[in-house]
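Scroll down for the structure; my scribbles are underneath it.
Naming convention: chains lettered A, B, ... in sequence-line order (proteins, then strands); numbering from 1 in each chain.
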Protein chains: 2
Amino acid sequence: MSPEEKKRTEEIIIGVAEKVFIRDGFSGTRMQTIADEAGLNKALLHYYYRSKQKLFYAVLKRLAPKLFAPVLGVLYEELPFFEKIEKFVHRYIDEISQKNPNLPLFVISEMEKNADDIIPILVRAIDSREISPIEIFRRDMEREIKAGNLREMDHKQLFVSILSMAIFPFVGRPLIMQLARFQNHEYDLFIQERKKFIVEFVINSIKIQKTGVE
Amino acid sequence: MSPEEKKRTEEIIIGVAEKVFIRDGFSGTRMQTIADEAGLNKALLHYYYRSKQKLFYAVLKRLAPKLFAPVLGVLYEELPFFEKIEKFVHRYIDEISQKNPNLPLFVISEMEKNADDIIPILVRAIDSREISPIEIFRRDMEREIKAGNLREMDHKQLFVSILSMAIFPFVGRPLIMQLARFQNHEYDLFIQERKKFIVEFVINSIKIQKTGVE
DNA sequence: GTCTATAATGTGATAGAC
DNA sequence: GTCTATCACATTATAGAC
């Protein structure tokens with residue numbers, strides 16, 4: 001078989017594995033399931049990736065850059081602070097909606113269960129730059145506070161709040177749907193409208209309104 | 001053996017099972033693990049609960065009332081709206097901090113993976129009252145908007161925002177710790193300070209400031 | 001490289017002695 | 001009720017033919 005077809009099989013496997021791992025979690029995933037959905041046999045999975053663990057780590061390594069870079073990248077752009085928040089929220093929700101709404105829950109679950117092995121793999125993707133995202137965020141805030149545009153507040157609390165409001169609707173979907181009485185078809189629209197809501201909600205809370213009078 | 005000791009064994013098993021299931025998830029849990037941590041043997045688990053599935057559901061049923069009632073109950077109290085939000089946030093964070101910080105992620109993960117079986121068990125705990133929590137919340141908001149204390153906004157968006165800010169720090173702990181560069185010992189303090197932050201953050205965003213002049 | 005067959009191990013569940 | 005021993009089956013992993 002040609003090298004191209006070899007490459008192709010390897011890619012098919014890891015692509016299907018990604019889908020199944022994200023859907024079922026590590027311990028919930030069966031090698032047989034991956035083989036079936038890929039239209040191949042189990043032995044090939046081991047031929048290319050040796051073990052379930054190694055296949056899983058291969059999936060994670062491939063996933064990591066796609067996971068954080070597009071979103072965290074926004075923080076490094078040269079933008080006015082409030083516009084940066086807006087772009088960050090929109091980018092995050094758009095990315096996850098299109099790519100895979102189950103991604104955040106998958107990443108969090110596996111980080112929790114197997115922290116020592118998984119976090120190092122993911123961290124390389126987060127910490128690819130010299131200055132950390134949270135430090136960039138802190139400096140932005142400091143500048144705006146000095147300029148009198150922003151209330152003083154803890155930068156980590158604000159950062160986590162924005163993150164929470166954007167991510168949790170994906171992670172907590174089944175819980176939210178029950179508590180807030182959503183029908184299945186309503187939820188996607190809710191998420192789309194949420195982009196605008198979050199930005200308004202946040203800016204309204206943190207911005208210092210400049211009045212005409214002194 | 002006396003009926004009391006019988007009762008005691010049964011209770012030990014379900015107590016340990018709760019701990020292990022919450023920690024490892026359903027598919028990650030081994031009956032052997034539960035037996036070991038309970039200081040008993042596997043056969044006893046089956047003697048009392050027949051199967052892993054049935055033990056899991058027994059755990060869920062026992063857990064459900066403790067899970068939602070204390071927090072959602074706040075929504076039904078006769079309180080000014082802003083005080084209700086404050087009490088809700090404090091109650092939620094205090095409850096989870098004391099009880100088990102892994103509870104939210106556990107509930108969400110299992111709801112996601114096995115919706116049809118699990119949601120009915122949990123819903124009984126959520127929907128124990130005639131009027132749903134979200135409907136109570138909506139009416140409270142409507143009243144405040146008419147009174148001129150509150151900006152007009154979608155009640156579900158606000159509800160989910162408050163929920164997100166309170167729950168996500170527990171669910172997304174490993175992710176947040178990486179992104180915001182927390183040390184282990186800092187995080188508990190961060191969560192405690194978060195109660196006050198969320199309340200201020202929310203009220204500052206939604207409240208209509210009444211000025212002296214007209 | 002890909003397959004079938006099978007080994008090796010893990011895991012839920014049960015039988016039967018005490 | 002509680003234990004040890006064991007079954008039955010699922011699942012990861014490998015051997016070997018093509």
Subject >> Side chain A:S161, main chain A:Q157, donor-acceptor under 3.5 Å >> reply: yes

Original post:
Do side-chain atoms of A:E135 reach the backbone of A:S132 as a donor and acceptor pair under 3.5 angstrom?
Top reply: no

Subject >> Length of the line joining A:Y48:OH and D:dT14:P, which is rounded to integer Å >> reply: 17 Å

Original post:
C:dT2 phosphate, OP1 or OP2: any side-chain N/O from A:N41 under 4.0 angstrom?
Top reply: no

Subject >> Rounded distance in Å - CG (B:D36) to C1' (C:dT11) >> reply: 13 Å

If you restrict it to nitrogen or oxygen atoms, what contacts under 3.5 Å exist between nucleotides 15-18 of chain C and the protein, and what is each distance?
none

Original post:
Is a salt bridge present between B:R23 and B:E37, judged by a nitrogen-to-oxygen distance below 4.0 Å?
Top reply: yes

**OP:** State whether B:Y49 places a side-chain N or O below 4.0 Å from either non-bridging phosphate oxygen (OP1 or OP2) of C:dA13.
**Re:** no

Original post:
Which heavy atom in A:F68 sits nearest to a heavy atom in A:I126, and how many Å separate them?
Top reply: CD1-CG1, 3.8 Å

Original post:
How long is the span from the CG atom in A:L105 to the CZ atom in A:F170, to the nearest 0.5 Å?
Top reply: 12.5 Å

Original post:
Roughly how far, to the nearest 0.5 Å, is CG of A:N100 from CZ of A:F106?
Top reply: 9.5 Å

Original post:
Would the number of heavy atoms belonging to other residues, nucleotides or ligands and lying under 6.0 Å from NZ of A:K66 be above 12?
Top reply: yes

Original post:
In whole angstrom, what separates A:Y47's OH from C:dT2's P?
Top reply: 8 Å

Original post:
Are more than 12 heavy atoms from other residues, nucleotides or ligands located less than 6.0 Å from atom NZ of B:K196?
Top reply: no

Check nucleotides 9-13 of chain D for protein N or O atoms closer than 3.5 Å to its own N or O atoms and list the pairs.
| unit_1 | atom_1 | unit_2 | atom_2 | d |
| --- | --- | --- | --- | --- |
| D:dT11 | OP1 | A:R30 | NE | 2.6 |
| D:dT12 | OP1 | A:T29 | O | 3.3 |
| D:dT12 | OP1 | A:K52 | NZ | 3.3 |
| D:dT12 | OP2 | A:M31 | N | 3.0 |
| D:dA13 | OP2 | A:H46 | NE2 | 3.2 |
| D:dA13 | OP2 | A:K52 | N | 2.7 |
| D:dA13 | N6 | A:K42 | NZ | 3.2 |

